[in-house]
Amino acid sequence: MTTATPQLDIHMFPCLEDNYGFLVHDPESGFTACIDTPEVEPILRALDEKGWQLTHILNTHHHFDHAGGNLELKEKTDCIIVGSRKDAKRLPGIDIQMGDGDTYLFGAHELTILETPGHTSGHVIYYFADSGIAFVGDTLFALGCGRLFEGTPEDMLQSLQKLQELPDTTLVYCAHEYTQDNARFALTVDPDNGDLRTRSTEIKKLRERGKPTIPTTIGLEKRTNPFMRTADAELQEAVGMSGAPEVEVFAEVRARKDRF
Ligand code: ZN
Ligand code: FE
């Protein structure tokens, strides 16, 4: 007989200018993780509001708006810091070093780490397969992807292709609220995509009411995110690159977004 694993509780709250903080709580074990540490005070306040005790920090990458609060939170809560082995030297206070495909038991929930280089060389994402939830940091955004600070277009394309292999229903939590700007750009390279137009209208309404556009899903991104549609014939035609190698189309779309 199998016992159903209780759902993980996710609590999301704004940090800094446009970051999101996330707490993941397993009611059974009491484990509570925060995904990255953009800002200490809102994280402590959220823990307090929920009555949860921080047991883990899961770092996606080393940027200050993702790991800047590591040491202070560790000192205050004695939590365990998990991150990429490749970034061990630049993730403050790291305790557990993980590599691509490694798993970690978060209570009874299996957590899988996937390496997704591109934004930074050591970027990883955290995937809870049993709950169908992925925390993707600055690799994938709703209708966008991270800037290529330490990777090639090929690196990022491969990382996004890895994410596309997750089930379409996977809930995707990105680290920033960039969606409205991303939608404006997406329409310039994929103007005839009906799903994208519908989504843009919905995003505008959400933002007018101050509501988050996160989480998204893998399925929705596959249909509407230009960085996941660089093999699509209509998008290729719209950017004047019909039949070009996908990585070249991807590089062009990324370059246009950088200038947008
Ligand atoms: Zn970043
Ligand atoms: Fe960031």
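These numbers come from a predicted model, not from an experiment. When a ligand or atom number is given, it counts from 1 through the structure's own listing order.
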message: So, 2.8 Å as the limit: is an N/O/S atom of H119 located closer than that to the Zn ion (ligand 1)?
response: yes
message: For N/O/S atoms only: which one belongs to H61 and is nearest the Zn ion (ligand 1)?
response: NE2
statement: One should read off an interatomic distance between N193 CG and L235 CG, to the nearest 0.5 angstrom, of 8.5 Å
- request: Please state whether the rings of H61 and H123 are parallel, tilted or perpendicular, taking 30° and 60° as the class boundaries.
  value: parallel
message: Check D100 with K162, please: is the shortest side-chain N to carboxylate O separation under 4.0 Å?
response: yes
field: Short side-chain donor-acceptor distance under 3.5 Å, D138 and H176
entry: yes
D65 near the Zn ion (ligand 1) via N/O/S, less than 2.8 Å: no
query: With a cut-off of 2.8 Å, does any N, O or S atom of H66 fall short of it relative to the Fe ion (ligand 2)?
result: yes
message: Under 2.8 Å from the Fe ion (ligand 2) - does any N, O or S atom of H63 fall there?
response: no
message: If you consider just the N/O/S atoms, which atom of H63 is the closest one to the Zn ion (ligand 1)?
response: ND1
- prompt: Going by the angle between their ring planes, with limits at 30° and 60°, are Y178 and F141 parallel, tilted or perpendicular?
  reply: perpendicular
message: Please give the atom name: the N, O or S atom of D138 nearest to the Zn ion (ligand 1).
response: OD2
Ring center gap for F31 and H109 short of 6.0 angstrom: no
task: Just give me the atom name: the N, O or S atom of D65 closest to the Fe ion (ligand 2).
output: OD2
field: Atom nearest to the Fe ion (ligand 2) - D138, N, O or S atoms considered
entry: OD2
- request: Please determine, by modelled atom types, if T179 and E177 share a side-chain donor-acceptor pair under 3.5 angstrom.
  value: yes
